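All chains are named by letter (A, B, ...) in the order of the sequence lines, taking the proteins before the strands, and each is independently numbered beginning at 1. Note that this is a predicted model, so its numbers are computed, not measured.
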Protein chains: 2
Amino acid sequence: MRETIWSRQRTAAPARETLSREQIVKMAMLVLDEEGVAGLSMRKLAARLGSGATSLYWHVPTKDDLVDLLIDEVWAEIDVPEPELAGWRSGALLFGHSLRSAVLRHPWLPEVMYTRPSVGPHAMALGERGLVLFGAAGFSAREVDLAMGSVMSYVLGTVSAEVATREMVRKSGRSEESWVSELLEQAEAAAGDYPQMRESVRRRTSTDLDSELTANFVFGLDALLDGLEARVKK
Amino acid sequence: MRETIWSRQRTAAPARETLSREQIVKMAMLVLDEEGVAGLSMRKLAARLGSGATSLYWHVPTKDDLVDLLIDEVWAEIDVPEPELAGWRSGALLFGHSLRSAVLRHPWLPEVMYTRPSVGPHAMALGERGLVLFGAAGFSAREVDLAMGSVMSYVLGTVSAEVATREMVRKSGRSEESWVSELLEQAEAAAGDYPQMRESVRRRTSTDLDSELTANFVFGLDALLDGLEARVKK
DNA sequence: CGAGATAGTCGTACAGTGTGCGAGTGACTA
DNA sequence: TAGTCACTCGCACACTGTACGACTATCTCG
């Protein structure tokens, strides 16, 4: 089997005090969570670790590979309930919420996730547990794949859009309320000729952002799960 | 009202032959479609237009703003049927497919889309037509927003993941079959301890990539629309 | 104990990036 | 004819990822 970035592991304990891949990944995750993709550079990362920039390259082939490792690290955070404990439907709901909150903790994910397929070990483990969960619903083998895929796609798509909004608020530096009211104003101007849009924006800015986004997420997930459940009952 | 990148327009015909924002956007779109986000640099773009790199900055404030324009250009390509013509359900289906194929034509979109909210004029127009379509289904005003949002999120999420796979095949330079068989091999190795995953990968690589991805997309969209439809019938 | 291999660090350098600045140029208006 | 406006563009700056090769500290083997 060919060597991959996933398979490479340190064979023995390091002689003197050295960098380690785990250390690098950990620090990179911190930087990414704090400063986003644009804030992560090999030089800055190395500086934070108190080492030279090119030292990192002994532990990690390229920056892209480092990002692959970081993405896989996120997949490790998601829990998928065993179907016996909660039943399929509420298990899937829990899974969806867990996936969402992991992405919200790592808002840089959407920006990089869609440029590469996820094939790391934690992605595999996640997939396995997901298939077990959806397998318990009574789908045909083929439908299990499709159902899990559509739920993941829905969740990731929704939360990715959510992150875009949230990050914009964060970067604007202003308070949520002032931002929302400005958005309203701006959108009403931009949506001037579009009465439905104007009304929609008004509706959506009437509650606080957080519960609005959550309601959004839950509504679609629920509908999707309904649709999937109907398929199994036939 | 504040000036935005959307509102700025040339006031009169140019005196001599000059660059124009439309020209720049058009060429940038070409470059992006061909070479992806990484392939678009202001210098290369200018070179293709036969001008100096910094000349572009007279027409466009920053590269990021240019990308905003390009994204909005994509939204212009999507058609949303009027509900009278097709009825809500099949209208939504058509809308979904149109959205999907637009993204497939511009596979760079997912990489940049989720880093900013879309508030350009074509995004607004798209939203308006979408709201009209979903409004015809008999949802409450609030549900119209939620339903349209969830369908868009599902479609964009699914097709974004799809693009990640397709681009990987494309970049590998190899034929689809050889790539698929290698993926199979690799995934079976990676999924060694994961029996469900192994079976799932095997199932998914048994047909050709194109119809596999399409079936995937349709399955989830259908389920979601079922779930939404059920909400309106109550 | 000595020699060589191994594991790891890192300074330098290269080819690129986005873009601010200010000088320059051609056409139109007064 | 003078001046202003619309537009172009070379240079420079600070930054990026990473290839290369020199360097050193430790471990292994004879």
A:L40 CG to D:dT16 P, straight-line distance once rounded to whole Å | 10 Å

Determine, step by step, whether A:V163 and A:W108 satisfy the side chain to side chain contact (heavy atoms under 4.5 Å, CB included) criterion, reporting the C-alpha distance in whole Å, the side-chain angles of both residues, the deciding distance to 0.1 Å, and the verdict.
-> CA-CA 9 Å; A:V163 161; A:W108 47 269; over 6 Å; no

Would you say a side-chain N or O of B:S55 is under 4.0 Å from OP1 or OP2 of D:dC9?
-> yes

Hey, are B:E212 and B:R204 close enough for a salt bridge, meaning a charged N less than 4.0 Å from a carboxylate O?
-> no

Name every residue in residues 60-67 of chain B that has at least one heavy atom under 4.0 Å from any atom of DNA chain C, in order of residue number, or write none if there are no such residues.
-> B:T62, B:K63

Would you indicate what A:S41 reaches in the nucleic acid, counting non-hydrogen atoms under 4.0 angstrom: base, sugar-phosphate, or nothing?
-> sugar-phosphate

When rounded to whole Å, the OH to C1' distance for the pair A:Y57 and C:dC10 reads 13 Å

Whole-Å distance between D:dG10 P and B:M42 CE?
-> 15 Å

Write down the distance between CG (B:L45) and C1' (C:dG18), rounded to a whole number of angstrom.
-> 13 Å

Just do the salt bridge (Lys or Arg N to Asp or Glu O under 4.0 Å) check on B:E77 and B:R100 with the steps written out, would you?
-> CA-CA 11 Å; B:E77 293 180 16; B:R100 171 171 180 244; over 6 Å; no

Rounded to the nearest 0.5 Å, how far does CZ of A:F134 lie from CD of B:Q196?
-> 13.5 Å

Can you name the residues that form a ring-ring contact (aromatic ring centres under 6.0 Å, His included) with A:Y154, not counting sequence neighbours?
-> none

Rounded to the nearest 0.5 Å, the CE atom of B:M168 sits from the CZ atom of A:R116 at a distance of 10.0 Å

Does C:dA7 have OP1 or OP2 sitting under 4.0 Å from an N or O in the side chain of A:H59?
-> no

Rounded to whole Å, CG of B:L56 lies from P of C:dT19 at a distance of 11 Å

Just how far, in rounded Å, is C1' of D:dC7 from CH2 of B:W58?
-> 6 Å

With B:D68, which of B:T4, B:I5, B:V60 fulfils side chain to side chain contact (heavy atoms under 4.5 Å, CB included)?
-> B:I5

Go through B:E22 and B:K26 one step at a time and tell me if the salt bridge (Lys or Arg N to Asp or Glu O under 4.0 Å) criterion holds.
-> CA-CA 6 Å; B:E22 291 76 41; B:K26 208 168 176 181; over 6 Å; no

Between B:R166 and B:E162, does a salt bridge (Lys or Arg N to Asp or Glu O under 4.0 Å) hold up when you go through it step by step?
-> CA-CA 6 Å; B:R166 292 189 117 101; B:E162 182 176 341; 2.4 Å; yes

Checking all strands, does A:L49 fall into the base, sugar-phosphate, or nothing category for heavy-atom contacts under 4.0 angstrom?
-> nothing

Between the protein and nucleotides 12-15 of chain C, list every N/O to N/O distance that falls short of 3.5 Å.
none

